[in-house]
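Written out below as structure tokens is the structure these notes cover.
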Amino acid sequence: MPELPEVETTCRGIAPHIEDNTITHVIVRNRSLRWPVPTALHAKLKDQVVRSVTRRAKYLLLNTDAGTLIIHLGMSGSLRILAIDEIVDKHDHFEIQFKDGYCLRLRDPRRFGAVLWTKEDPLQHKLLINLGPEPLDKKFTADLLFEKSRKRKTSIKQFIMDAKIVVGVGNIYASESLFLAGINPKKAAGKITKAQSQDLVKAIKKILTAAIKQGGTTLKDFKSSDGKPGYFQQKLKVYDRKGSDCLKCNSPIKQITLGQRSTFYCSSCQK
DNA sequence: ACATTGACCTGGGAGC
DNA sequence: TGCTCCCAGGTCAATG
């Protein structure tokens, strides 16, 4: 579920419920996520007020006066605001309970997600410090993409999914952006032209912006117990459409593997 | 510095 | 129904 738009949606969805709210309990039901969930989080967070909820790449940052909780949703994680007495699922590994009787509950069946703690500036954390620009930030420009891609032999698709280049472009939106930009995902990153860099940066920004807007719809029923989206599915032009007609030229959409990830494109529209 | 591969997990669907 | 196999929205660490 979590591509960048989903994480952004989660961020916007939970912020109003937990900002300025006081933590009463922290419950770790399963420490075995991608990295062990730190012990003694309860001691660190009890009576702390969540000052703000922010996002960097696909990391959510819960900022308090004592430090910052860094949460990553991995492949299958989701965060919901629930009443404390809501039934606990076997994949509900972690939760923060608040004074108002609600909690922030992390469900993550595959346990690729992470819950980390830092007392320092979270942006200086080992996992965040080397990240590239946010895709919707002014710093993510065609010039930057073009310059960084010179002499790179990797495919343009793997290149834009590299978080050192730009964050937040996941597997779905990489394919979608390349379709919109008319670029073959197999093309060597070092071979894209300046014009293509321009098209691609515009495409990434456009797709992610549109997807975040769609996420706004999910926000509404965020408090309900079903936290399952699927709101952007209807907008996808190539992802998961192998064999279907290209919406531009009617050729069959192809599926290939690049860097062990499924990749979808139109061999007629994308050169 | 870059490219490639394996690793971490569970659940769902396809095929038999 | 049930088994096996394959695939999945992420990304770090190890290796060459």
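The sequence lines fix the lettering, A, B, ..., with proteins before strands; numbering per chain opens at 1.
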TODO: Searching all strands shown, indicate the nucleotide that pairs with C:dC5 (Watson-Crick or G-U wobble; both distances under 3.5 Å).
DONE: B:dG13
Task: Atom-to-atom span, NZ of A:K242 to C1' of B:dA14 - whole angstrom - done: 13 Å
TODO: Calculate the interatomic distance between A:M75 atom CE and C:dC7 atom C1'; express it in whole Å.
DONE: 9 Å
Task: Atom-to-atom span, CE of A:M161 to P of B:dT4 - whole angstrom - done: 15 Å
Task: Residue A:R152, side-chain atoms from C-beta onward, closest of B:dG11, B:dC2, C:dA8 - done: B:dC2
Task: Per-pair stack call A:F112 and B:dC9, 5.5 Å, 30° - done: no
- [ ] Give the nucleotide from the list B:dG11, B:dC9, B:dA3 with an atom nearest to the side chain of A:K153.
- [x] B:dA3
Open item on the list: Quick check on C:dC12: is either OP1 or OP2 less than 4.0 Å from any side-chain nitrogen or oxygen of A:Y59?
Closed with: yes
Open item on the list: Considering every strand and a 4.0 Å limit on heavy-atom distances, what is the contact class for A:F159: base, sugar-phosphate, or nothing?
Closed with: nothing
TODO: Determine the contact category for A:K164: base if any of its heavy atoms lies under 4.0 Å from a base atom, sugar-phosphate if only primed atoms, P, OP1 or OP2 are that close, otherwise nothing.
DONE: nothing
Open item on the list: Does B:dC9 have its OP1 or OP2 closer than 4.0 Å to a side-chain nitrogen or oxygen of A:R34?
Closed with: no
Open item on the list: Distance check needed: B:dT4 P versus A:K157 NZ, whole Å only.
Closed with: 14 Å
- [ ] Select base, sugar-phosphate, or nothing to describe what A:R261 touches, counting heavy atoms under 4.0 Å on all strands.
- [x] base
Open item on the list: Using only atom types and a distance under 3.5 Å, with no angle test, would you say the side chain of A:K271 pairs donor to acceptor with the backbone of A:S267?
Closed with: yes
TODO: With A:K237 as the cation and A:F264 as the aromatic partner, state whether NZ or CZ is under 6.0 Å from the six-membered ring centre and within 45° of the axis.
DONE: no
- [ ] Pick base, sugar-phosphate or nothing for A:L73, based on heavy-atom distances below 4.0 Å to the nucleic acid.
- [x] nothing
TODO: Please tell me which of the listed nucleotides, C:dC7, B:dG6, C:dG10, lies nearest to the side chain of A:Q260?
DONE: B:dG6
Task: A:Q196-A:Q198 side chain donor-acceptor pair, cut-off 3.5 Å - done: no
Task: Sugar-phosphate, base or nothing in reach of A:R111, heavy atoms under 4.0 Å - done: sugar-phosphate
Open item on the list: Just the rounded figure in Å: distance from C1' of C:dG10 to CG of A:L127.
Closed with: 12 Å
- [ ] Please state the C1' separation for the pair B:dA3 and C:dG9 - nearest whole angstrom.
- [x] 24 Å
TODO: Provide the distance between the two P atoms, one in C:dA14 and one in B:dC9, to the nearest whole Å.
DONE: 16 Å
Open item on the list: Under a 3.5 Å cutoff, is there a donor and acceptor pairing between the side chains of A:T9 and A:E6?
Closed with: no
TODO: Walk me through it: do A:K99 and A:T24 pass the test side-chain hydrogen bond (donor to acceptor under 3.5 Å, both in side chains)?
DONE: CA-CA 6 Å; A:K99 218 172 180 176; A:T24 51; over 6 Å; no
Task: Side-chain donor-acceptor contact under 3.5 Å, A:R111 with A:S32 - done: yes
Task: Proximal nucleotide (of C:dA8, B:dG11, C:dT11) relative to the A:H91 side chain - done: B:dG11
- [ ] Verify the contact: side-chain N or O of A:K90 to OP1 or OP2 of B:dG11, cut-off strictly under 4.0 Å; return yes or no.
- [x] yes
Open item on the list: If you assign A:L33 and A:K148 each to the DNA chain B nucleotide with the nearest heavy atom, which residue ends up on the more 5' nucleotide?
Closed with: A:K148
Task: A:K151 side-chain N/O to B:dC2 phosphate OP1/OP2 under 4.0 Å - done: no
Task: Rounded interatomic separation in angstrom, taking CG from A:D108 and P from C:dA8 - done: 18 Å
Task: Between A:K157 and A:N184, a side-chain donor and acceptor under 3.5 Å - done: no
Task: Rounded interatomic separation in angstrom, taking CD from A:E147 and P from B:dA1 - done: 18 Å
- [ ] To the nearest Å, give me how far apart CG (A:L258) and P (C:dT11) are.
- [x] 18 Å
TODO: Give a yes/no on whether any side-chain N or O of A:Y173 is located under 4.0 angstrom from OP1 or OP2 of C:dG9.
DONE: no
- [ ] Could you check A:R110 against A:K126 and say which one's nearest nucleotide on DNA chain C is further toward the 5' end?
- [x] A:R110
Open item on the list: The side chain of A:H72 is closest to which nucleotide in this list: C:dC12, B:dG6, C:dG10?
Closed with: C:dG10
Open item on the list: Given B:dC9, C:dG10, B:dT5, identify the nucleotide with an atom nearest to the side chain of A:S32.
Closed with: B:dC9
TODO: Tell me what A:Q158 touches on the nucleic acid: a base, only sugar-phosphate, or nothing, going by heavy atoms under 4.0 Å.
DONE: nothing
